[in-house]
Amino acid sequence: MAHVVTPLDQPSNYKDSQARVDRSKQAELLGKSSTLYIGNLSFYTTEEQIFELFSKCANAEDGGGIKRIIMGLDKNTRTPCGFCFVEYYTHAEALACMRFASGTKLDERIIRCDLDLGYKEGRQFGRGKSGGQVRDEHRQDYDPGRGGWGAQAQRLEIERRREVEERYADAQDGPGAVAGGGEDWKDQGGSQVENKLKRGRSPDDDGEQARMAQRSRLDDDMDINRM
């Protein structure tokens with residue numbers, strides 16, 4: 001029966017992918033580590049929430065407790081990206097809190113806790129191409145607690161929208177495009193109609209005006225003779 005349940009204090013399978021240590025050295029470091037790696041956090045979980053949960057099994061009055069919390073950050077935006085490190089003063093406290101918190105819910109998410117080889121500066125930043133964690137780079141599901149769709153799916157959607165906008169712009173500028181400025185078109189059309197309604201001048205118009213002027217002068221002369 002003792003072999004059915006895996007001991008919670010066994011060396012963790014979690015390992016920093018960039019750590020340059022062999023398995024024997026890893027087991028040695030984990031055997032005295034006082035640091036926990038916390039994964040599957042919501043992007044919106046605060047440091048205060050983490051402290052409240054992970055201080056349950058620590059005893060600050062006896063010189064222990066949480067030494068510090070290092071939030072995992074997107075390397076581009078410097079915003080939380082779903083993981084953190086919790087450092088304790090003693091290895092025993094780290095083990096106790098791992099047993100207590102691993103597999104429990106925080107912000108409606110099942111979190112994962114593992115003993116860590118030890119925090120080093122720079123490990124707080126995500127290693128994905130988009131700046132966050134690698135696990136969120138190729139994620140195909142929609143997870144509102146971790147920024148919605150995976151980074152790759154978001155990039156594809158942005159590219160698709162850009163292509164649609166470019167095609168729409170080309171259609172507006174290409175043959176058969178609808179002319180803009182309805183008022184300008186109306187003014188031009190009105191002028192054309194007005195010009196069509198007006199008859200152009202002809203030589204006959206000039207002759208008729210000359211005859212009318214001569215007739216007017218004759219009428220004036222006759223009036224003078226009568227007087």
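Position 1 is the first residue of the sequence, and the numbers go up from there. Predicted model, so just to flag it, every value in this text is computed and none were measured.
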Less than 4.5 Å apart, any side-chain heavy atom of Thr45 and any of Arg109?
-> no
Would you say the side-chain atoms of Arg146 pair up with the backbone N or O of Leu41, donor to acceptor, closer than 3.5 Å?
-> yes
Interatomic spacing from CZ in Phe83 to CD in Gln133 - rounded to 0.5 Å | 5.5 Å
Measure across Ile38 and Cys113 and return the closest heavy-atom pair with its distance rounded to 0.1 Å.
-> CD1-SG, 3.8 Å
Can you name the nearest heavy-atom pair linking Asp143 to Arg139, along with the distance?
-> CB-NH1, 3.4 Å
Any donor-acceptor pair under 3.5 Å linking the side chain of Asp74 with the backbone of Thr79?
-> no
Taking all non-hydrogen atoms of both residues, which atom of Cys57 and which atom of Phe100 are closest, and how far apart?
-> SG-CB, 3.4 Å
With sequence neighbours left out, the residues meeting side-chain contact (heavy atoms from CB on, under 4.5 Å) with Glu87 are Thr35, Lys67, Arg68, Ile70, Tyr119
Does NZ or CZ of Arg112 come closer than 6.0 Å to the centre of the six-membered ring of Tyr37, within 45° of the ring's axis?
-> no
Would you indicate whether the side-chain heavy atoms of Ile111 and Lys105 approach each other to under 4.5 Å?
-> no
Transitive ILVMFWY side-chain link Phe43 to Phe125, under 4.5 Å = no
Considering residues at least two apart in sequence or located in another chain, which fulfil the side-chain hydrogen bond (donor to acceptor under 3.5 Å, both in side chains) criterion with Thr104?
-> none
Spatial distance of atom CD (Gln124) from atom NZ (Lys75) [nearest 0.5 Å] | 12.5 Å
Would you call Thr46 and Phe51 a side-chain contact if the rule is heavy atoms closer than 4.5 Å?
-> no
Should we count CD of Glu52 as having more than 12 external heavy atoms under 6.0 Å?
-> no
Where Ala58 and Ile66 come nearest, the two heavy atoms and their spacing = CB-N, 4.4 Å
Decide yes or no for Met98 and Leu95: does some side-chain heavy atom of the first lie under 4.5 Å from some side-chain heavy atom of the second?
-> yes
Quick one: do Leu115 and Ile69 end up in the same hydrophobic cluster if we chain Ile, Leu, Val, Met, Phe, Trp and Tyr together by side-chain heavy atoms under 4.5 Å apart?
-> yes
Within one Ile-Leu-Val-Met-Phe-Trp-Tyr cluster: Val86 and Leu29, side-chain cutoff 4.5 Å = yes
Is the backbone N or O of Gln26 less than 3.5 Å from a side-chain atom of Glu28, with the two atoms forming a donor-acceptor pair by type?
-> no
Gly148 and Tyr142 have their tightest heavy-atom pair at CA-CE1, 3.5 Å
Cut-off 3.5 Å, side chains only: do Glu93 and Ser34 have a donor facing an acceptor?
-> no
Sub-4.5 Å side-chain heavy-atom contact between Cys81 and Asp136 = no
Quick one: do Leu30 and Leu117 satisfy side-chain contact (heavy atoms from CB on, under 4.5 Å)? Show the steps, please.
-> CA-CA 6 Å; Leu30 291 176; Leu117 298 177; 3.8 Å; yes
Quick one: CZ on Arg78 to CG on Asn76, what's the gap to the nearest 0.5 Å?
-> 8.0 Å
Value rounded to 0.5 Å, distance of CD1 in Ile50 from SG in Cys84 | 3.5 Å
Expected output: side-chain Ser33 to main-chain Asp116 donor-acceptor under 3.5 Å = yes
Same cluster (ILVMFWY, side-chain, under 4.5 Å), Tyr88 and Met71 | yes
Nearest heavy-atom approach of Lys129 to Glu137 is N-OE1, 3.3 Å
